Amino acid sequence: MDINNEITFPLVEHFISINGEGRRAGQLALFIRLAGCNLDCSYCDTKWANKADVKFEKKTIPEIVDIVKKSNCKNVTLTGGEPLLKKDVDKLIAAILEVDNIRLEIETNGSQSIKKYDDWERRPVMTLDYKLASSGCEAAMNTDNFNYLHKEDSVKFVSGSRADLERTLEIITKYDLTAKANCIISPVFGQIEPVDIVDFMKEHEMNDVFLQLQMHKIIWDPNKQGV
């Protein structure tokens, strides 16, 4: 019996859209969203996927891999919620990586360890959040993860205020993050103007740091799901 046919994951949605962040920003990607998260960020735009009563389908690893194959997308993003919370998610990640020509990205909220993936011969790309004060979840951040970053990974700072930006600069500097991975600042939609972030970056000579906007909120209605 193939154990992969017994393991299931709570799939709330899957869709093809534009990748909004990281090194593949602007490229098409298949998004696979799993239900559930251990954090409750103030600005979260997928709180619906984290509710106890959210509707989902139980999907086995082969069923999810089949979705990946049929999408014809080279970029696959496993997201949530918090995908790394799920038991046996490493088996799902390994199975997706076995699909030819797939580039797999994990969107993780910064609280879950990525250490186990550090020495994988074929490893997923990590887009790792660092939750700032305006999120209400900074205390949950696992800074040990910074020891296991690879150059293709990204650390994302969703900033909603000048204080958030100052903390971003502090963390990037303290852990020398631009030498380890891509560093991204993204504005909390409606709370801070992108020009203010650019001015801060100029003021502090934040070389090798990227500003990225939430493309799906510019292209579509900011509240639209499945994009």
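What you see is a predicted model; the values in this text were computed from it and never measured. We count residues from 1, following the sequence as given. All values below were derived from every heavy atom in this structure, side-chain atoms included, with hydrogens, water molecules and symmetry-related copies excluded.
- Crowding of Lys47 atom NZ: a count of heavy atoms from other residues, nucleotides or ligands under 6.0 Å exceeding 12.
- Counting Ile, Leu, Val, Met, Phe, Trp and Tyr side chains that sit under 4.5 Å apart, directly or through other members, Phe210 shares a hydrophobic cluster with Ile184.
- Ring pair Tyr130/Phe157 is tilted by interplanar angle, where 30° to 60° counts as tilted.
- Salt bridge annotation for Lys174-Glu170: absent, with no cationic side-chain nitrogen under 4.0 angstrom from a carboxylate oxygen.
- Side chain of Ser42 to main chain of Ser134: a donor-acceptor pair is present (N/O by atom type, distance under 3.5 Å, no hydrogens or angles).
- Residues that satisfy the salt bridge (Lys or Arg N to Asp or Glu O under 4.0 Å) test with Lys156, not counting sequence neighbours, are Glu21, Asp129.
- The residue from Leu177, Thr108, Asp153 that alone fulfils the side-chain contact (heavy atoms from CB on, under 4.5 Å) condition with Leu128 is Thr108.
- Lys86 approaches Pro10 most closely through the heavy-atom pair CE-CG, 3.7 Å.
- Checked by atom type, the side-chain pair Asn182/Glu152 shows no donor-acceptor distance below 3.5 Å.
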Identify all side-chain donor-acceptor contacts of residues 94-104 below 3.5 Å with residues at least two apart in sequence or on another chain.
from   : atom 1 : to    : atom 2 : distance (Å)
Arg103 : NE     : Asn75 : OD1    : 2.8
Arg103 : NH2    : Gln27 : OE1    : 3.4
Arg103 : NH2    : Asn75 : OD1    : 3.1

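- Across all non-hydrogen atoms, the minimal contact from Lys59 to Leu11 is CG-CD2, 3.7 Å.
- Shown here for Gly110 and Asn145, the closest heavy-atom pair between the two residues is O-ND2, 3.9 Å.
- A search for ring-ring contact (aromatic ring centres under 6.0 Å, His included) contacts involving His204 returns Phe200, not counting sequence neighbours.
- Heavy atoms only, all atoms of each residue included: Asn50 and Cys44 are closest at ND2-SG, 4.1 Å.
- Asn109 and Asn38 are linked by a side-chain donor-acceptor pair at a separation below 3.5 angstrom, with hydrogens and angles left out of the test.
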Does the side chain to side chain donor-acceptor pair (under 3.5 Å) test come out yes or no for Ser111 and Glu82, once each step is laid out?
-> CA-CA 9 Å; Ser111 71; Glu82 173 48 58; 5.2 Å; no
Name each donor-acceptor pair under 3.5 Å that joins a side chain in residues 60-71 to protein atoms two or more places apart or in another chain, with its distance.
from  : atom 1 : to    : atom 2 : distance (Å)
Thr60 : OG1    : Glu63 : N      : 3.3
Thr60 : OG1    : Glu63 : OE1    : 3.4
Glu63 : OE1    : Thr60 : N      : 2.9
Asp66 : OD2    : Lys70 : NZ     : 3.1
Ser71 : OG     : Val68 : O      : 2.7
Ser71 : OG     : Cys73 : N      : 3.1

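- Summarising the local packing, NZ of Lys74 is surrounded by 12 or fewer heavy atoms from other residues, nucleotides or ligands at distances under 6.0 Å.
- Salt bridge annotation for Lys91-Asp88: present, with a cationic side-chain nitrogen under 4.0 angstrom from a carboxylate oxygen.
- Salt-bridge check for Asp90 with Lys116: passed, with a basic side-chain N closer than 4.0 Å to an acidic carboxylate O.
- More than 12 heavy atoms of other shown residues, nucleotides or ligands fall within 6.0 angstrom of atom CD in Glu203.
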Verify side chain to side chain contact (heavy atoms under 4.5 Å, CB included) between Leu34 and Thr79, making sure each step is shown before the conclusion.
-> CA-CA 6 Å; Leu34 304 181; Thr79 187; over 6 Å; no
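- With salt bridges taken as basic N to acidic carboxylate O contacts below 4.0 Å, none links Glu138 and Lys131.
- The two residues Pro83 and Ile106 make their nearest non-hydrogen contact at CG-CG2, 4.1 Å.
- For Ala49 against Val12, the heavy-atom pair with the smallest separation is CB-CG2, 4.2 Å.
- Residues satisfying the ring-ring contact (aromatic ring centres under 6.0 Å, His included) criterion with Tyr117, sequence neighbours excluded, are Trp120.
- Inspection of the Gln212 and Ser186 side chains reveals no N or O donor paired with an N or O acceptor under 3.5 Å.
- Listed for the Ser135 side chain is a donor-acceptor partner under 3.5 Å among the backbone atoms of Cys137.
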